[in-house]
Amino acid sequence: MTQLLIRTLRDAPQDAEVESHKLLARASYVFRLSSGVYNFLPLGQRVLEKLNAVIREHLNEAGAQELLMSVLQPVDLWDESGRSADFGGLLPAFLVKGRSGKYVMGPTHEEVATRIVSTYAKSYKDLPVTIYQIQTKFRDEARPRFGLLRTKELIMCDAYSFDVSKEKMTETYQVLRDAYDKIFETLELDVTAVEAKSGAIGGDVNHEYMVSSPIGEDTFVSCSNCGYSANTEIAKKKSYLKEEITVLTEKILSSYNSLSPQEIYTPGSGSIDDVSSQLDLSDKKEQFLKTYVLKDIDNDNIPVFLVVTGDRQIKIPDNLSPFDKADFDEHPSIINGFVSPYNIDSALKVRIICDYEVLNVPENGFVVGANKAEYHVKNVVPLKDFAIDAFEDIAVVNEGDSCPNCESPLNTVRSVEAAHTFQIGLKYSTSMANAEFLDEDGINKPYYMGCYGIGVSRLIAVIAETHHDDKGLIWPKSVSPFDIHIVPLFLNKDESVKLKAVELYNELSQKYDVLLDSLMLQYALGITSRKQFAL
RNA sequence: CGGGGAGUAGCGCAGUUUGGCUAGCGCGCCUGCUUUGGGAGCAGGAGGUCGCGGGUUCGAAUCCCGCUUCCCCGACCA
């Protein structure tokens with residue numbers, strides 16, 4: 001007989017906003033101790049263990065070996081790989097100062113994994129090797145939110161592969177991705193693997209495993225025709241060839257001769273939203289040009305204007321960094337809020353890059369900033385009224401844009417990132433000491449690495465988010481805390497009921513996870529739903 | 001870090017504007033009796049530094065000052 005620590009709530013805690021958090025809190029799966037810090041109650045722990053079992057099964061099948069790395073990692077290790085700097089002085093990690101030495105509470109384990117494998121796998125005969133662990137990670141999130149979806153302390157399954165060559169790394173990568181596919185299939189989650197930004201992990205090829213959800217923090221695009229899919233952070237849209245640009249340029253230059261730029265007074269309107277509503281054109285933001293001011297950190301910090309149509313946002317290229325206040329102070333002719341590629345101060349050295357969409361000039365030209373406080377300019381035609389140094393695909397893809405491969409319209413899907421896999425190549429093996437193996441030709445070579453992460457605690461929220469109805473949670477069979485719930489009735493009237501219930505429990509629990517409910521023996525069936533784990 | 005909202009019993013809330021009886025209500029919890037096919041009824045009961053500190057006042061959940069925690073939007077996001 002069980003005495004499960006459960007206290008279901010009719011009302012969700014006031015601080016629970018998203019459905020998964022409400023359901024998991026109301027049904028006693030998780031308990032929030034502090035912002036972004038969650039505790040798993042007995043029911044939640046059972047789900048976690050089931051999830052882990054699914055993950056282990058498929059990773060083991062893929063030849064990965066489970067181990068357990070330390071939470072504490074010496075800061076020296078991060079200095080060695082160069083990532084203390086990447087992470088802005090380790091700010092996003094929790095720092096711990098011991099009696100001797102400084103540590104981070106592991107936000108991720110590439111360095112440790114590299115150190116371990118490079119100690120034990122020194123010969124090409126030892127490779128490939130893939131290690132993994134399921135462990136709590138610590139990330140000092142600027143803003144934890146959405147319940148278990150973004151937390152400071154999270155449970156993750158992270159795997160690291162080590163190969164002798166790029167080709168072998170690619171093969172291993174595929175093996176692990178196949179395992180991931182099986183894991184998500186078992187969990188009854190509909191995931192889409194998309195191309196994504198590698199961020200501070202590093203490497204070129206990487207995939208995010210996205211689960212469609214209206215509360216997702218990410219958006220990816222997908223092409224139903226050719227299958228192209230990518231996170232909007234890096235997604236491409238149709239680009240134009242040089243010849244096409246030439247043709248369009250000539251067309252623009254010959255078609256807009258009657259237009260001439262005209263200054264308009266737009267007090268207080270320093271954003272596209274403001275100015276478009278002031279001009280009564282808030283549903284026609286594509287007729288505006290938005291200019292982002294950045295600096296080229298590889299090239300003497302010269303200003304770069306990224307120009308997109310007003311309905312779009314930009315993807316910031318790696319070599320550019322946004323202007324801060326000091327930068328604006330240094331360039332007084334660049335007026336924040338009214339910046340424009342038109343009528344630039346002649347003394348200013350600036351590079352102007354336009355998105356391809358800027359070639360789609362509206363009938364009356366664009367409305368742009370005037371490079372003068374409180375003013376904009378209308379009837380401005382690119383190429384005619386201002387010069388452009390280059391056209392590039394710098395705008396974030398919008399719904400309906402053309403696919404870069406097949407030009408079909410792209411869909412955008414809001415989503416939650418459930419997992420992320422990376423081919424990181426030589427990043428750690430070349431930056432860290434002795435991260436080499438002896439190859440069959442007698443030469444020491446760096447490992448080709450891959451890294452793979454599944455957000456285990458986040459998955460619980462993702463599953464809850466996608467597997468429920470208006471009455472409560474409906475777990476996939478593979479992770480349900482119990483398979484069978486026995487509720488004996490009329491216990492106090494008939495002793496044989498109890499005997500029978502126990503007998504049934506003993507029999508069924510040979511093969512299933514059974515909950516024999518002793519907490520409500522004197523109650524009618526009606527009240528049992530009070531303690532249903534599905535709530 | 002910028003903007004907005006909130007903190008009163010385990011959970012959800014009222015009371016605060018206009019200071020004044022012993023700080024209330026629903027759910028949950030405990031005891032007893034009754035009830036037994038869809039979140040039981042009746043009776044009795046336990047449980048509160050009104051987020052924290054200071055101030056004003058005869059008197060503060062309520063007014064003033066400071067702090068703190070939590071949530072949301074944004075920035076950020078390995």
Side-chain angles (χ1 to χ4, degrees), chain A residues 5-18 21-22 25-28 31-38 41 73 78 81-88 90-94 104-113 137-147 149-152 154 156 158 160 196-203 206 208 215-218 231 233 271 273 313 316 321-322 324-325 416-417 419-422 424 427-428 451-455 458 471-472 485 487-494 497 519-532 534-535:
Chain A
L5 190 63
I6 299 178
R7 181 90 300 130
T8 58
L9 307 171
R10 288 197 192 218
D11 303 302
Q14 167 257 359
D15 56 19
E17 192 72 17
V18 297
H21 184 197
K22 286 184 188 170
R26 286 181 56 201
S28 307
F31 169 74
R32 189 187 65 71
L33 183 64
S34 155
S35 177
V37 180
Y38 286 82
L41 301 173
Q73 304 179 16
W78 287 67
S81 70
R83 279 212 293 186
S84 341
D86 288 356
F87 281 162
L90 288 170
L91 270 180
F94 286 103
V104 294
M105 293 178 72
T108 177
H109 281 72
E110 283 76 15
E111 284 85 356
V112 181
K137 309 280 189 214
F138 299 88
R139 299 180 177 182
D140 193 10
E141 288 290 344
R143 177 145 103 84
R145 57 180 137 182
F146 303 137
L149 285 176
R150 180 161 295 277
T151 54
K152 295 186 181 186
L154 56 131
M156 179 183 261
D158 45 329
Y160 306 88
K197 217 162 77 169
S198 66
I201 292 285
N206 74 94
E208 284 176 336
I215 60 159
E217 296 182 273
D218 289 287
N231 192 306
E233 289 172 340
S271 72
D273 281 348
Q313 298 188 302
I316 298 181
S321 154
D324 56 29
K325 191 172 176 304
V416 175
E417 176 189 348
H420 203 160
T421 59
F422 307 79
I424 37 184
K427 173 168 174 168
Y428 298 91
C451 124
Y452 318 80
I454 300 179
R458 174 182 284 185
K471 295 193 181 62
H485 185 186
V487 184
L489 297 177
F490 302 103
L491 262 186
N492 52 350
K493 286 209 171 141
D494 189 344
V497 172
L519 283 175
M520 56 195 79
L521 298 183
Q522 70 272 48
Y523 291 99
L525 184 59
I527 202 171
T528 63
S529 54
R530 185 174 60 111
K531 293 199 172 72
Q532 270 178 3
L535 192 72

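Only heavy atoms go into these numbers, but all of them, side chains included; no hydrogens, no water, no symmetry mates. To find a chain, count down the sequence lines: A is the first, B the second, and so on, and within it residues start at 1.
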*asked:* Is there a side-chain contact between A:S35 and the phosphate of B:rC71, meaning an N or O under 4.0 Å from OP1 or OP2?
replied: yes

_So if I apply the side chain to side chain contact (heavy atoms under 4.5 Å, CB included) rule between A:K152 and each of A:Y38, A:F94, A:F138, which one comes out positive?_
A:F94

_Under the rule for side-chain contact (heavy atoms from CB on, under 4.5 Å), what residues qualify as partners of A:S34, not counting sequence neighbours?_
A:V37

*Return the value, rounded to whole Å, for the distance between atom NZ of A:K152 and atom C1' of B:rA78.*
17 Å

_Suppose we define a pair by two distances each less than 3.5 Å, Watson-Crick or G-U wobble; what does B:rC52 pair with here?_
B:rG66

*What interatomic distance, in whole Å, is found between P of B:rC21 and the corresponding atom of B:rG59?*
15 Å

_So for A:R150 and B:rC77, does any side-chain atom that can act as donor or acceptor lie under 3.5 Å from a complementary atom in the base?_
yes

*asked:* Measuring from the side chain of A:T108 (C-beta onward, heavy atoms only), which nucleotide among B:rA78, B:rG39, B:rG26 has the closest atom?
replied: B:rA78

*Heavy-atom neighbours of A:Q313 CD exceed 12 at 6.0 Å*: no

_For A:F138 and A:F146, find the nucleotide of RNA chain B closest to each by heavy atoms; which residue's nucleotide sits nearer the 5' end?_
A:F146

*Residue-phosphate contact under 4.0 Å: A:R145 side-chain N/O, B:rG74 OP1/OP2*: yes

*Could you tell me whether a side-chain N or O of A:R26 sits under 3.5 Å from a main-chain N or O of A:L9, the two making a donor and an acceptor?*
yes

*Which whole number of Å gives the distance between the C1' atom of B:rG3 and that of B:rG54?*
29 Å

*asked:* Please report the distance separating the C1' of B:rA75 from the corresponding atom of B:rA46, rounded so that it comes out in whole Å.
replied: 48 Å

*asked:* Within the 4.0 Å heavy-atom criterion, would you say A:A12 contacts the bases, only the backbone, or no part of the nucleic acid?
replied: sugar-phosphate

Pairs under 3.5 Å (N/O, protein and nucleotides 1-9 of chain B):
from  : atom 1 : to    : atom 2 : distance (Å)
B:rA6 : O2'    : A:Q14 : NE2    : 3.4

*Side-chain donor or acceptor of A:Y160 paired with backbone N/O of A:V112 under 3.5 Å*: no

*asked:* Whole angstroms only, please: what is the CD1-C1' distance between A:I316 and B:rC77?
replied: 14 Å

*Side-chain heavy-atom pair A:E217, A:E417 within 4.5 angstrom cut-off*: no

*P atom, B:rG20 versus B:rC76: distance in rounded Å?*
48 Å

*List for me each residue that meets side-chain hydrogen bond (donor to acceptor under 3.5 Å, both in side chains) alongside A:D15, sequence neighbours excluded, and say none if there are none.*
A:R32

*asked:* Could you tell me how far apart A:L9 (CG) and B:rG12 (P) are, to the nearest whole angstrom?
replied: 8 Å

_Side chain of A:T8 (C-beta onward), nearest among B:rG39, B:rA78, B:rC76_ = B:rG39

*Closest to the A:R10 side chain: B:rC27, B:rC70, B:rA75?*
B:rC27

*C1' atom, B:rC30 versus B:rC72: distance in rounded Å?*
38 Å

*Do A:R139 and A:T108 have side-chain heavy atoms sitting under 4.5 Å apart?*
yes

*Roughly how many Å is it from CD in A:E217 to P in B:rC72, rounded to a whole number?*
10 Å

*Starting at NZ of A:K22 and ending at P of B:rC71, how long is that distance when rounded to a whole Å?*
15 Å

_Measuring only the C1' atom in each nucleotide, how far is B:rC33 from B:rG37? A whole number of Å is fine._
23 Å

*With C1' as the reference atom in both, quote the distance from B:rA78 to B:rA60 in angstrom, rounded to an integer.*
50 Å

